[in-house]
Amino acid sequence: MGLTLAEKVLARASGRDEVRPGEFVVASIDLALVHDIFAADVFRHLVELGVEELFDPDRVVIVLDHLVPAPSEAAAAAHRTIREHVERFGISSFYDAGAGICHQLLPERGHITPGALVVGTDSHTTTHGALAAAGTGIGTSEMVYALATGKLWFRVPPTIRFELTGALAPMVAWKDVILALAGRHGDDVAQYKAVELGGPAASSASIASRLTVCNMAVEIGAKFGFFAADEAALAYLAERGHEGLEPFGPDPDAEYEAVHGFDLSSLEPQVALPSAVDNVEPIGQVEGTRIDQAFIGSCTNGRLEDLEAAAAILRGRQVHPGVRLLVAPASRAVFQAAVRSGAIQALADAGASVLPPGCGPCFGGHGGLLGPGERCIGTHNRNFVGRMGSARAEIFLASPQTVAASALAGAIADPRKVGGRG
Amino acid sequence: MRGGTDAVIAGRVWRFGDDVSTDLLSPGEYAIAPLEVRKQHCLESLNPVFPRAASAGDLVVAGSNFGCGSSRETAPENLKALGIACVVADSFARIFLRNAVAIGLPVLSCPGASAAFADGDTAEVDLGEGTLRHAGTGVVLRGEPLPPEMREILAAGGILVVLRAGG
C-alpha cells in the first residue's frame with residue numbers, strides 16, 4: 001500500500017520505510033523557523049539550558065517580521081537580543097526587520113524543498129506545503145528542544161484529500177477556494193490530520209495561490225497542507241537554486257481517511273463573517289455591509305499577484321472616503337516588484353496607505369488595529385474576536401479582489417460587479 | 001508511577017464555549033509583555049472576572065476546538081500562571097494541545113464536557129483513566145486519555161525538563 005505525502009515525509013525523516021497514521025515517530029528536522037515574537041525567549045531558554053551549539057545553524061532561519069518596524073521600546077530591545085544571539089549561535093539565515101514575512105521569505109529565498117520537514121514558531125508554517133514540504137507550527141519549548149537536538153516527536157496524521165476539478169471564474173481567487181472548503185467542511189475537519197490538494201485543477205494554481213491555500217490549511221485544523229511538487233513547483237524551485245529536482249507527490253495507491261471533490265467552476269467570491277473562519281457565505285449574502293478599514297497583505301495574500309489583482313480593480317479610481325485602505329506587501333522583494341509593475345502606484349493613487357512588509361495589523365500587534373464597533377475586511381487568515389484590536393470590532397475575510405472592490409464601495413462588494421480597469 | 005499525570009485533579013470550574021482562540025487566551029497586543037501583565041488579559045474578553053479571580057487549582061472546562069489559532073505557547077502558559085490545574089475540552093486545536101503538554105499543563109479531551117458543567121461547579125479529572133466526574137451530580141464522562149508518549153512529557157513537567165535530563 002502506498003503512502004500519502006505526510007507519511008512519506010515522516011517516514012524519511014524518522015529513518016523508516018513506511019509509517020502509518022497514529023504511530024509516534026521521532027523525526028529529524030530539516031528546517032527550523034523562529035520569528036521575533038518568540039526568538040528572544042527561545043534563545044534565553046537555550047542559554048539557560050547550557051546549549052552552546054545548535055543542532056545545525058545552517059538549518060535555522062530567524063526572521064524579524066511581527067514587531068516591525070519596532071512599535072515599542074520592548075520590541076526594539078527584543079530585536080537587539082535576537083541579533084546578538086543570531087551572531088552567538090552562528091546562524092547565517094537571518095532576515096532583519098523589513099525583509100518580509102517569514103512565510104513569504106522561506107519559499108522566496110529558496111529555503112523550502114519538496115519533502116522537507118519544516119517546523120516554525122508560527123501556526124501558518126503549513127504554508128510551505130505549497131512546495132510539498134511538511135510544514136507545521138510548534139511552540140517555544142518545542143522549538144528549544146528541536147534546536148538543541150535536531151529532533152521532535154510527531155504522531156503520524158491521517159490525510160484528507162480534496163480532488164479539485166474545473167476552472168475558476170474571473171474575479172474568483174484561490175482564497176475563495178480555501179474559504180469555501182472551511183465553510184463547507186468546518187474549522188476542525190482536519191484537526192490532527194494532514195490535507196492534500198490534488199486533482200486535475202490543482203496544477204492550475206500559481207505557486208502564490210498554493211501558498212495562500214496551504215497557509216490557511218491550519219484554519220481547518222490541519223497539521224500539514226500539501227500540493228504535490230509538479231512542473232510549476234520545480235520551475236519555481238529551479239529559479240531559487242534548486243535545479244534538477246524530481247516531481248514529488250503521494251503514491252497513487254495512498255490511503256486517505258476521506259476524499260472530497262470540489263468543482264472550482266461554480267465557485268463565487270466567498271466571505272468569512274465574524275468571528276470564525278468557517279462562518280463563510282457567498283458574497284451575495286453580505287454585500288452592502290458597511291466597512292471602516294480594508295486590509296490587503298499578510299502571509300496569506302500579500303504577494304505580487306494579490307497586489308496586482310487589487311491594483312487592477314483600484315487603478316484610476318478612489319477608495320471610498322469612509323474607508324482606510326492598508327496595503328502591506330509580504331516582502332521587500334514583493335514590494336519592489338509591485339513598484340516596478342505599477343501596482344503600488346495604482347494603489348497609492350487610489351488612496352491606499354502602503355505599510356512596510358510585516359505582520360503588524362494581521363496578528364493584532366500594531367499598525368492598523370480596530371476600535372470598538374469598527375468593521376474591517378481583509379485578505380488575512382483569522383477573524384477571531386479580538387484578533388485586530390478591540391474585542392468589539394468585526395473582521396471579515398476575503399480575496400484581494402473582494403477587499404479592493406469593498407474599499408471602493410465603502411461596503412462589502414462583489415468584485416464581479418465592480419470590475420477592473422486594467 | 002503515581003503523581004504527575006496519574007493523579008486525580010479536583011477543582012472549581014471556569015466554563016467556556018467553543019472555538020476559544022489563542023487571540024482570547026493571549027491577545028497579540030501583549031505578545032511580548034511580561035507574564036505577570038500578559039496573564040491578566042487571558043480570556044478577559046469572554047469573562048473579565050476570570051483573570052482576576054482564577055486561583056490555584058481551578059479548572060477550565062470548554063467546548064470544541066479549544067486553543068485554535070496561533071502557535072503562541074503563551075496561551076497555555078497564561079492559564080498555568082493563573083493557577084489552572086487542568087484544561088478539559090470537548091476537543092483541542094492541535095498546537096495548543098502540544099504546547100500544553102510541552103509546558104506541563106495537564107489537558108483532557110472529553111466530548112460532552114462543556115455541556116455537563118457550569119461556572120463554579122466542581123469537577124474531578126482522572127488523567128490516567130481519562131475520566132471527568134461532576135462532583136455535584138456524580139455523572140462521569142469518559143474522555144480520551146493522552147497517549148503514553150505525551151503523558152511521559154507531561155509527567156516529567158514539560159519537554160524542557162526532558163531536554164535537561166538528556167532525553
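Note on naming: letters A, B, ... go to the chains in the order of the sequence lines (proteins, then strands), and numbering restarts at 1 for each one.
- Contacts between A/Ala75 and chain B at a heavy-atom distance below 4.5 Å involve backbone atoms as well as side-chain atoms.
- For B/Phe92, the parts lying near chain A are the backbone and the side chain together; criterion is any non-hydrogen pair under 4.5 Å.
- The only member of B/Asp58, B/Asn47, B/Asp119 that meets side chain to side chain donor-acceptor pair (under 3.5 Å) when paired with B/Trp14 is B/Asp58.
- Between the side chain of A/Asp278 and the main chain of A/Ile220, no donor-acceptor pair closer than 3.5 Å is present.
- Note on A/Val277, A/Asp188, A/Thr140: by heavy-atom pairs under 4.5 Å with chain B, the leading option is A/Thr140.
- The most heavy-atom pairs under 4.5 Å with chain A, out of B/Ser70, B/Ala31, B/Pro27, come from B/Ser70.
- Using a 4.5 Å cut-off between heavy atoms, A/Gln191 contacts chain B through its side chain alone, with no backbone atom that close.
- Looking at A/Ala74, the atoms closer than 4.5 Å to chain B (heavy atoms on both sides) sit in the backbone and in the side chain alike.
- The candidate from B/Gly158, B/Pro147, B/Ser45 with the greatest count of non-hydrogen atom pairs under 4.5 Å with chain A is B/Pro147.
- Atoms CZ and NZ, from B/Arg98 and A/Lys223 in turn, are 6.0 Å apart once rounded to the nearest 0.5 Å.
- For A/His45, the part sitting under 4.5 Å from any heavy atom of chain B is the side chain, from C-beta outward, and nothing else.
- Only the side chain of B/Ile153 comes within contact range of chain A, judged by heavy atoms closer than 4.5 Å.
- Relative orientation of the A/His35 and A/His66 rings is parallel, given thresholds of 30° and 60° on the angle between their planes.
- Proximity to chain B involves both the backbone and the side chain of A/Tyr192, based on heavy atoms less than 4.5 angstrom apart.
- In this pair, A/Phe43 and A/Phe89 present their aromatic rings parallel. The plane angle is below 30°, not in the 30 to 60° band.
- A/His103 and A/His128 have tilted rings, their planes meeting at an angle from 30° to 60° on a 0 to 90° scale.
- Looking at A/Ser275, there are no atoms closer than 4.5 Å to chain B (heavy atoms on both sides), in backbone or side chain.
- For chain A, the nearby parts of B/Ile159 are the backbone and the side chain; heavy atoms of each come within less than 4.5 Å.
- Interface residue B/Leu160: backbone and side-chain heavy atoms are both found under 4.5 Å from chain A.
- If you tally non-hydrogen atom pairs under 4.5 Å between each of B/Ser64, B/Ser91, B/Pro76, B/Gly69 and chain A, the highest count goes to B/Gly69.
- For the residue pair A/Ser123/A/Arg382, the side-chain donor-acceptor check at 3.5 Å is satisfied.
- Pairing each heavy atom of A/Asn381 with each of A/Cys299, the nearest pair is ND2-SG, 3.8 Å.
- With a 6.0 Å radius and a threshold of 12 heavy atoms from other residues, nucleotides or ligands, B/Arg142 has its CZ atom at or below the threshold.
- For the set A/Ile37, A/Asp41, A/Asp36, the entry with the most heavy-atom pairs within less than 4.5 Å of chain B is A/Ile37.
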Check your understanding: Checking side-chain contact (heavy atoms from CB on, under 4.5 Å) for the pair A/Phe363/A/Arg387: CA distance, chi angles, key distance, verdict?
Key -> CA-CA 6 Å; A/Phe363 86 103; A/Arg387 175 73 177 175; 4.0 Å; yes

